[in-house]
Every structure is written in structure tokens, then in C-alpha cells.
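The structure appears below as C-alpha cells.
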Number of protein chains: 2
Amino acid sequence: MNHLIVDREPRMLPNWRDALPAAAVVSRRETVGGDGSGVGIRWCRLRTGEKLADVLPHLPVILSGYRTVILADEPSDALTLESLSVGASGCCNTHAAPEVLKQVALVVANGGLWVGQSLLQQVIGNTSRALAQRAKPAVDDPLPGLSEREQQVARLVAAGASNKEIADRLKIAERTVKAHLTAIFEKTGARDRLQLSLRINGVKL
Amino acid sequence: MNHLIVDREPRMLPNWRDALPAAAVVSRRETVGGDGSGVGIRWCRLRTGEKLADVLPHLPVILSGYRTVILADEPSDALTLESLSVGASGCCNTHAAPEVLKQVALVVANGGLWVGQSLLQQVIGNTSRALAQRAKPAVDDPLPGLSEREQQVARLVAAGASNKEIADRLKIAERTVKAHLTAIFEKTGARDRLQLSLRINGVKL
DNA sequence: TTGACAACTGTACTTTTGTTCAATAGTCAA
DNA sequence: TTGACTATTGAACAAAAGTACAGTTGTCAA
């Protein structure tokens, strides 16, 4: 994941460095061109007094694999909505804690939108609780009754690993992997590794 | 997928019949108990003049595998928000076209929320276009360059089918399925059917 | 007409996956 | 201590999955 921080005066802030140590900081002019190769997140800083329209001309919003997050010195729900409306994936505080920035990066990298707690609550009201309750049984660990070791094996299978790979990773014999898998199939009722993968990954058929 | 339509006066409307031929229509009283078994969608009709609070007591909102959609005779953005806030998965017009109802069922069955075009636009502004453009490359058919037949095979594999099952379904020899798969692996770079499944199902690793 | 390509299939083979039968060793609770 | 459970592995086998080589048929465009 590439991180590109765009600022009027390119200067790395401490919280950025902590959250995104590998990020490159560039000025707005430098980003106008951009060969548009690679994938990652482009963090665009909006300083106090600046408006989204001020930096928009510098942002080819659709930039191949890049998604845009607005880093606002003075964030607000209105600004967040505006950011989304121009195609950004979210908006958060310039001085947010590194943990928060990392969270934002994770969400955005996976195609999500970061809208912040207050706006989210405003939009969805108190749906969150209901959603949380709904999410449980849906995401409910698809590995009930599996031992610790079996869950490890199951997760690796779900990620697409072969028996050999799992054996190497867990430092056990391939034979043992098979034994665990047989037990897993027995307990879960899955027919084979592919079916198991679909269940664990929550694929709806 | 089970469909349960809850109405004050249980009577199947034509558009419901077209969209959900297998749906059961019951009165509100009958739903109070409910053994809560099975999974599906509970469509709850809200007639003209009725308020969400009028039917809420009849709805154990969290009902195991069931999700709730409000069918409103007089839908509005406000009602939709209210529906979401009490845990429903969406709100749409009682007299919506069967195609629309089917769409709603599909979205909700897969854990999505149905909020309707006008509210969506209001909330997200004109992000929709940007999102659509973003969604493409993300969801972008993971089957570029595959022939029609190869795509069929790939999709069945992604759904967990064995070669034999695919052969039966497509009425071709198992050998042919293997031939298609070999071509698919070659074109996509996938190592085996499990990897292919993960890609097509968009599983993040 | 010829060449490219998609779809389809057979025989034969290798590899991977999954099962059966069998055994050793550690933990933990009754 | 004994029984139940987990983790581990071997040998051998059965069943899928996947590959290699080869061939037929049909379509469609140059």
C-alpha cells in the first residue's frame, strides 16, 4: 500500500510519521501530473481556512488505483459530506492520533468510506446497535466447536493455502494437516476445503 | 430464502406475487410469537396513516435469521431513516414494481441496507457517480479475457462446485470442465480452484 | 478458402486432497 | 488413576484435481 501525502507546504507531521512511516509527502504542484501508476491512498491536507474547491484542481480525483482521503485541519460533518460528494473516500482530522489514521487507511484501502463517528450517528441514528446485533449472527464465527489448532488450519485453508503450505507454516507434517482437516470437515459438515473456505469467508451463495 | 409478508389485513398484492411468488402473507397477530427458526426476509407493510410505532410492538426486531424491510404505502426519506433506526434493513414503496422488490430482496438478503435513491442522493450527494466509477475496478469482473463458457465454469467453481457437478450442470464431460479450468488458470494466473474462488468472491487476504 | 479461435472430448499421467487403520504422547477433569 | 480430548504422525489407499498430447467440430472474419 502506497501512501502519498499532499500538502501546500510539504512537511511530515509526527502523527503521520507514526501512522504511515513509508508515506511520501509532496506539494500540490507535484501531484498535478502523476503517471497514475500503482495503488494506494492519497492523503490530501486541507489547512485552516482552505476550502475543498481550493485544492480540487490539483486532484485528478480518479487516479487509477489511488483513493483519496481529506486531512482537514478543521473537520466537520459538512466538509466530510462534501469530500464524499467529490469522490473522496473519507475525511478526518489532520492531527488525528496515529491509531486513528491507521484505522482510516485500513478501511479505505479495503474500499470502505471513512465518515467519522458523529456523522455516522447522525445519518444512521441509533441503528448502530441494531446493526451490531445483526452483524453478530452473520459474522458469527463459522468455526464453532473447533479446537485452537483446527481453527488455525481452517483459517489458512480459507485463505487459500495448500496442505503443504499449512504444514510448513505451522511446522507440522502434512499428514497432520490432513488429520485436522478431516476433523474439521467432520465437525463443520463442509464437504471439502473449498466449501470450508466459502463458509469462513462468509460468501453468500 | 424465506419471505414473510406481514400485513394488517393479509392479502397478496399482484406485485408482491410477481416478485416473491413463494412468500407467505400473515397478519400481525400471527407473527408475535414465531419460533424464530429459519432465515429470510420479513416484509412489514405500513398502511397509509399508520406509523412505525403502530406495528413495532408486533415485531421482535431481532428474529434470528430474519431481516426486516418496511413496505410503506406512503414512503418518505424520514420514514426510511426511522426504519433503519429501529433495526430494519430498509424501506420501500408498497406498490413498487416486482423488479424493484426483487432487487431489494437481493440486497437485503446479502446484508445490505435498502435506502432508496432519493435518500441516498441526499445523504451522499452526488458521490454516486464517483462511487460507481470506483466500484467498477474494485468489483471489476475478475474474469477479464475469459470466454463466455469459461466464465460460467469459473463462477460455478467460485460457488464451490466440483468438476463433476459443473459437468452435470452444463451438460458437458468432466474432461471438458478440466480443459476450461486449465485455460482459466492459465489466463488468470490462479493456482487452483480455491485461489480462483477467492479472487472471484473478492476475498481480501 | 484459409486461419484463428471457441467448444468439446478421449487417453493417460502426475499431483493434491481426503480417508482408513493404527499408534504415541500430553492435558485435564471426574 | 482413568477416561476423554487434543495434537501428532506413519503407511496405504481412494478420489479429485489438474496437466500433457491429440483430435473433431463449428463459427467468423480476412
Side-chain angles (χ1 to χ4, degrees), chain A residues 136-205, chain B residues 136-205:
Chain A
K136 285 264 185 48
V139 179
D140 203 14
D141 79 321
L143 316 172
L146 294 194
S147 72
E148 192 61 37
R149 205 54 157 166
E150 286 165 350
Q151 292 193 22
Q152 291 175 9
V153 172
R155 270 190 290 270
L156 287 170
V157 163
S162 69
N163 290 345
K164 181 68 170 54
E165 289 169 340
I166 296 171
D168 291 344
R169 176 81 77 90
L170 299 183
K171 307 229 187 306
I172 55 180
E174 191 177 336
R175 174 65 187 82
T176 310
V177 175
K178 290 183 176 181
H180 286 310
L181 270 175
T182 299
I184 292 168
F185 294 150
E186 167 67 26
K187 288 181 179 176
T188 64
R191 180 175 68 181
D192 52 36
R193 64 206 298 113
L194 185 43
Q195 298 280 341
L196 179 66
S197 162
L198 293 178
R199 291 198 199 182
I200 293 179
N201 290 315
V203 176
K204 309 275 188 270
L205 297 183
Chain B
K136 283 263 183 50
V139 178
D140 201 15
D141 74 324
L143 316 172
L146 296 194
S147 71
E148 191 62 38
R149 205 53 157 168
E150 287 165 350
Q151 292 194 21
Q152 291 175 8
V153 172
R155 270 190 290 271
L156 288 169
V157 163
S162 67
N163 289 344
K164 181 67 168 57
E165 288 170 339
I166 296 172
D168 291 346
R169 176 80 78 90
L170 300 182
K171 306 232 186 304
I172 55 180
E174 191 176 336
R175 175 63 187 84
T176 309
V177 175
K178 290 184 176 182
H180 286 309
L181 271 175
T182 299
I184 291 168
F185 295 148
E186 167 67 26
K187 288 181 180 176
T188 64
R191 178 174 70 182
D192 53 35
R193 62 204 300 112
L194 185 44
Q195 298 279 342
L196 179 66
S197 160
L198 293 178
R199 292 198 198 182
I200 293 180
N201 291 315
V203 176
K204 308 273 187 271
L205 296 182

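Residue numbers begin at 1 in each chain, while the letters A, B, ... track the order of the sequences.
As a whole-Å value, the separation of A:K187 NZ from D:dC5 C1' is 9 Å. Atom CG in A:L170 sits roughly 17 Å away from atom P in D:dT6 (whole-Å rounding). A straight line from CD of B:E165 to P of D:dA15 spans 17 Å, rounded to a whole angstrom. When rounded to the nearest whole Å, the span between CD of B:Q151 and C1' of C:dA6 equals 13 Å. Here the P atom of nucleotide D:dT27 and the CD atom of B:E148 are 17 Å apart, to the nearest Å. At whole-Å resolution of the value, CD in B:Q195 and C1' in D:dA17 are 15 Å apart. Rounded to whole Å, atom C1' of C:dT27 lies 16 Å from atom CZ of A:R149.
Of the possible polar contacts, one joining the A:D192 side chain to the A:Q195 backbone as a donor-acceptor pair under 3.5 Å is found. Listed for the B:T182 side chain is a donor-acceptor partner under 3.5 Å among the backbone atoms of B:K178. A donor-acceptor contact shorter than 3.5 Å is absent between the side chain of A:R155 and the backbone of A:I200. In this structure, B:R199 contributes its side chain and B:A158 its backbone to no donor-acceptor pair below 3.5 Å.
Relative to the axis of its first five pairs, the axis of the last five pairs of the helix from C:dT1-D:dA30 to C:dA30-D:dT1 sits at 40°, rounded to 10 degrees.
Put simply, the side chain of B:L146 reaches to within 4.5 Å of the side chain of B:T188, judged on heavy atoms.
Here the closest heavy-atom approach between residue B:L194 and residue A:L194 is recorded as CD1-CD1, 3.5 Å. In terms of heavy atoms, A:S197 sits closest to B:L198 at OG-CD2, 3.7 Å.
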Between the protein and nucleotides 16-20 of chain C, list the N/O to N/O atom pairs that are separated by less than 3.5 angstrom.
| residue | atom | partner | partner atom | Å |
| --- | --- | --- | --- | --- |
| C:dT17 | OP2 | A:N163 | N | 3.4 |
| C:dG18 | OP1 | A:R193 | N | 2.9 |
| C:dG18 | OP2 | A:R193 | NH1 | 2.5 |
| C:dG18 | N7 | A:K178 | NZ | 3.1 |
| C:dG18 | O6 | A:K178 | NZ | 3.0 |
| C:dT19 | OP2 | A:T182 | OG1 | 3.0 |
| C:dT20 | O4 | A:R175 | NH2 | 2.8 |

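The side chain of A:I172 has D:dT9 as its nearest neighbour among C:dC8, D:dT9, D:dA7. For A:A173, the listed nucleotide lying nearest its side chain is D:dG10; candidates were C:dA7, D:dT8, D:dG10.
Proximity of A:S147 to the phosphate of D:dC5: no side-chain N or O atom is located under 4.0 Å from OP1 or OP2.
For the atom pair NE2 of B:H180 and CD1 of B:I166, the computed distance is 10.0 Å after rounding to the nearest 0.5 Å. We find the CG-CG distance between A:L181 and A:L156 to be 10.0 Å, quoted to the nearest 0.5 Å.
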